[in-house]
Undergrad: 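First, the structure itself, so that you have it in front of you.
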2 protein chains.
Amino acid sequence: MNLKELSQKLGLSQTTVSRALNGYPEVSQSTRRRVEEAARTFNYRPSTRAKGLATGQALAIGHVIPVSSKHEMVNPIFGDFIAGAGETYARHGYEMMLTIVDDANELQVYDGLKSRRAVDGVILHAPRMDDMRIPHLHKLGLPFAVHGRASGCQVPYAWLDVNNRRAFHRATDFLIDLGHTRIALINGLEDMDFAHRRRDGYSTSLLAHHIPIDTSLMRSGEMTEDFGYQSTRDMLQKADPPTAVLASSLISALGVRRAIEERGLVMGKDVSVITHDDVLSYLQNGSDVPIFTATRSSVREAGRRLAEMLLISIAEPDRPLQNALLEAELMVGSSTGPAPRKD
Amino acid sequence: MNLKELSQKLGLSQTTVSRALNGYPEVSQSTRRRVEEAARTFNYRPSTRAKGLATGQALAIGHVIPVSSKHEMVNPIFGDFIAGAGETYARHGYEMMLTIVDDANELQVYDGLKSRRAVDGVILHAPRMDDMRIPHLHKLGLPFAVHGRASGCQVPYAWLDVNNRRAFHRATDFLIDLGHTRIALINGLEDMDFAHRRRDGYSTSLLAHHIPIDTSLMRSGEMTEDFGYQSTRDMLQKADPPTAVLASSLISALGVRRAIEERGLVMGKDVSVITHDDVLSYLQNGSDVPIFTATRSSVREAGRRLAEMLLISIAEPDRPLQNALLEAELMVGSSTGPAPRKD
DNA sequence: ATTCATATCCAAAGCGCTTTGGGAAGATGA
DNA sequence: TCATCTTCCCAAAGCGCTTTGGATATGAAT
């Protein structure tokens, strides 16, 4: 069923039917109702492609998911972020177009999306420091919004980020207040912008409390369970092991816990753990009482809001670029406690 | 840059340029090269929408991701599956269109995709038993392929599935051979088809070895870490606790391990654990030696292959529907060992 | 020299929609 | 009663591509 057939069935012109369905005023109430009714019974929906061609819009937003060529790794927060963004798109009649790409040729993908006019804008995931993608998209003239930020990036851009620095600053403060001085940081990959900010928050807190920074207590890598486990195991074997661990993701925190317990230690007593928690749907931090003390910020909510921001900037291109800094809440669970006595 | 402009620049008709770029024979080698060259320098790529409108194809595949309305849960295997499917699409010049939807109104989404002519076909995720979506899509006439199967479904359909029944049958056999008789099953949600098949494999093995089936050793729910933990903790508190646990996902297996260790028991000695492992990129089962003994089947590979199958059935509609049954490999890790003596 | 394939190219129609620029009633006011 | 607005509708152009149905030239075959 297409517009032509529908309008013939109604004995109206395509113009009128189109206008009736799109809420234009040049149609009487009675015919509008008649058209809407017919559209429903014949299950008519305008072809997205034809509509897009006629209006010059794609009514679609692109998400380009980089898969690290080294590790073949898909970011686990991705599913929940997408779920949030998808809600927003559905509400506004947009489609979501996904591209999976080896991070080596991500830039070409953007060129392709632009030149094929496949999307009205894109969401940028997992920004690195000085991310080249941002100036590239800027130059391309394709509207975009970034989930996170890229330090050192000169051009302006719309973004939404968690206040990673403050979150990790507070978490470190919290551990120091509990008497910990040997605090390990198990971070994400070094070139990710968020990892850099988290480390910054951590170091700043240590320095403010005159605690020397020990680089042997800092690790960074892909945030897998095994990475958390290996890193913690190594550090616990040291002569002067950490009494607290700050982890960048719940998944690696699970590995941290494993290493602690394997050594016969008790988490929250012998070793305290704080993790960042993205509130992923399949990885809840305990059911009622949180297991891990955590800095918490929902990535799904981030998806909802960032998508909203992008749609606004597409609808009103002259509006100044928006950004949002979400504060993570510090939820105290049972994985933290006072630093053990040194005897 | 569009076709019209490009052909003017070349002093050729749109027809010729289009044909040159699409590999039709009615173009001389020399002009074809000239056209290709120009297309490259002017960065011309045909508009997907216009092309789709002209050819009647969408050049896009839909993935409808149901989000359980109760649990707001996004299936964690989804990211890796998509990554696999995306590779295939990229190779064939297709786009991937994602829709996130509350599982209550999933059927309408398919109607919408069809009537808006937004996709050429869809991939069906997470089939339930007697899944209504399959006859619905069949009636709609929208090509589709199912990741998994739906027992009791009458209409024919293309699918790719892991041999869940055999995998869990073998895993149970393996445990029984080690001397275990009290074997728990921590399964996925009851109405998921795969959960049913896994339970079937498990029960069949027990029965074949004349081991009575104890329903108090069987749990099913969303496969979270916490679910694995809670279930195992409960069962270990029983008078006659299990000496082995079969888990449906690596995530819940992590919870199983936590419950075991919390009780001061040793996994692989006091309690054996086997899990199914979807080989998710962010949840590797150990780095060199697998931690968990596992039935293993890559969900990313499944994505690649199922996408391939769908594209074929779209390209050749008359071909009989394909299906593929992947065998999971049983990888022995350190989480299994002989059943402890009863003294 | 004439005929007929063959190799190259082109004009124009059509895909399903939106939107511009009217046009024909009916309502309104003088 | 007549001119003037509104109100409501329509024909046709255009979005950027593919594809049909020729047209023209070239060379081989007669």
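Here is how names work: the chains are called A, B, and so on, in the same order as the sequence lines, proteins then strands, and each is numbered from 1.
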Undergrad: Would you classify B:Thr15 as touching base, sugar-phosphate or nothing, given that sugar-phosphate means primed atoms plus P, OP1 and OP2, and contacts are heavy atoms under 4.0 Å?
TA: base

Undergrad: Which comes earlier along DNA chain D counting from the 5' end, the contact point of A:Ala50 or that of A:Gly11, where each point is its nearest nucleotide?
TA: A:Gly11

Undergrad: Taking for each residue the nucleotide of DNA chain C bearing the nearest heavy atom, is the 5' side occupied by A:Pro46 or by B:Thr31?
TA: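 So the residue in question is B:Thr31.
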
Undergrad: Please report the distance, rounded to the nearest Å, between CG in A:Leu53 and C1' in C:dC15.
TA: 9 Å

Undergrad: Tell me every residue that passes ring-ring contact (aromatic ring centres under 6.0 Å, His included) with A:Tyr94, counting only those two or more places apart in sequence or in another chain.
TA: none

Undergrad: Does a side-chain N or O of A:Ser18 approach OP1 or OP2 of C:dC17 to a distance below 4.0 Å, or not?
TA: no

Undergrad: Please give, in whole Å, the distance from C:dC17 P to B:Arg116 CZ?
TA: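 Interatomic distance, CZ of B:Arg116 to P of C:dC17: 13 Å.
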
Undergrad: Determine the sole option in A:Val64, A:Ile134, A:Leu306, A:Leu310 for which the side-chain contact (heavy atoms from CB on, under 4.5 Å) test with A:Leu124 is passed.
TA: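 One option only clears the test, and that one is A:Ile134.
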
Undergrad: Calculate, to the nearest 0.5 Å, the distance between atoms CZ and CG belonging to B:Arg300 and B:Asp80 respectively.
TA: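 Separation between the atoms: 5.0 Å.
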
Undergrad: Phosphate oxygens OP1/OP2 of C:dT18: is one of them under 4.0 Å from a side-chain N or O of A:Asn22?
TA: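 Result: yes.
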
Undergrad: Roughly how far, to the nearest 0.5 Å, is CG of B:Asn43 from OG of A:Ser115?
TA: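 Taking OG in A:Ser115 and CG in B:Asn43, the distance rounds to 5.0 Å.
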
Undergrad: Could you state the CD-P distance from B:Gln14 to C:dA12, rounded to the nearest angstrom?
TA: 12 Å

Undergrad: Return the value, rounded to whole Å, for the distance between atom CD of A:Glu26 and atom C1' of C:dT18.
TA: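 Taking CD of A:Glu26 and C1' of C:dT18, I get 12 Å after rounding.
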
Undergrad: Between C:dC10, C:dT19, C:dG16, spot the one nearest the side chain of A:Arg19, thanks.
TA: C:dT19

Undergrad: Ring-plane angle category for B:Phe144 and B:Tyr157, please: parallel below 30°, perpendicular beyond 60°, tilted otherwise.
TA: parallel

Undergrad: If I compare all heavy atoms of A:Thr16 with all of A:Val27, which pair ends up nearest, and what's the gap?
TA: O-CG2, 4.1 Å

Undergrad: If only side-chain N and O atoms of A:Tyr24 are considered, is one of them under 4.0 Å from the OP1 or OP2 phosphate oxygen of C:dT19?
TA: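 So the side chain of A:Tyr24 is within the cut-off, an N or O lying under 4.0 Å from OP1 or OP2 of C:dT19.
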
Undergrad: Ring-plane angle category for A:Phe81 and A:His125, please: parallel below 30°, perpendicular beyond 60°, tilted otherwise.
TA: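 It falls in the perpendicular class, over 60°.
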
Undergrad: B:Arg32 CZ to C:dC9 C1': how many Å, rounded?
TA: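 It is 13 Å, rounded to the nearest whole Å.
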
Undergrad: Using C1' atoms of five pairs at each end, report the bend of the helix from C:dA1-D:dT30 to C:dA30-D:dT1 rounded to 10 degrees.
TA: 60°

Undergrad: Atom CZ of B:Arg49 to atom P of D:dC15: distance rounded to whole Å?
TA: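 The answer, rounded to whole Å, is 13 Å.
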
Undergrad: Taking atom P of C:dA11 as reference, at what distance in whole Å does atom CD of B:Gln8 sit?
TA: 11 Å

Undergrad: Do the side chain of B:Thr16 and the base of C:dT8 come within less than 3.5 angstrom through a donor-acceptor pair of N or O atoms?
TA: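 No.
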
Undergrad: Expressed in angstrom and rounded to an integer, what is the separation of B:Leu12 atom CG from C:dA7 atom P?
TA: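 Interatomic distance, CG of B:Leu12 to P of C:dA7: 19 Å.
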
Undergrad: Run the ring pair (Phe, Tyr, Trp, His ring centres under 6.0 Å) check on A:Phe78 and A:His147 step by step: do they pass?
TA: CA-CA 11 Å; A:Phe78 163 64; A:His147 181 208; over 10 Å; no

Undergrad: Of the candidate nucleotides D:dG16, C:dC9, C:dC17, which contains the atom at the shortest distance from the side chain of A:Tyr44?
TA: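 Ranking D:dG16, C:dC9, C:dC17 by closest atom to the A:Tyr44 side chain puts C:dC17 first.
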
Undergrad: Considering heavy-atom distances to DNA chain C, does B:Arg117 or B:Ser28 have its closest nucleotide positioned more toward the 5' end?
TA: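 The 5'-side residue here is B:Ser28.
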
Undergrad: Is there a side-chain polar atom (N or O) of A:Lys4 under 4.0 Å from OP1 or OP2 of C:dG16?
TA: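 No, A:Lys4 has no side-chain N/O under 4.0 Å of OP1/OP2 on C:dG16.
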
Undergrad: Could you tell me whether B:Ser47 contacts a base, only the sugar-phosphate backbone, or nothing, with contacts defined as non-hydrogen atoms closer than 4.0 Å?
TA: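 Sugar-phosphate contact only.
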
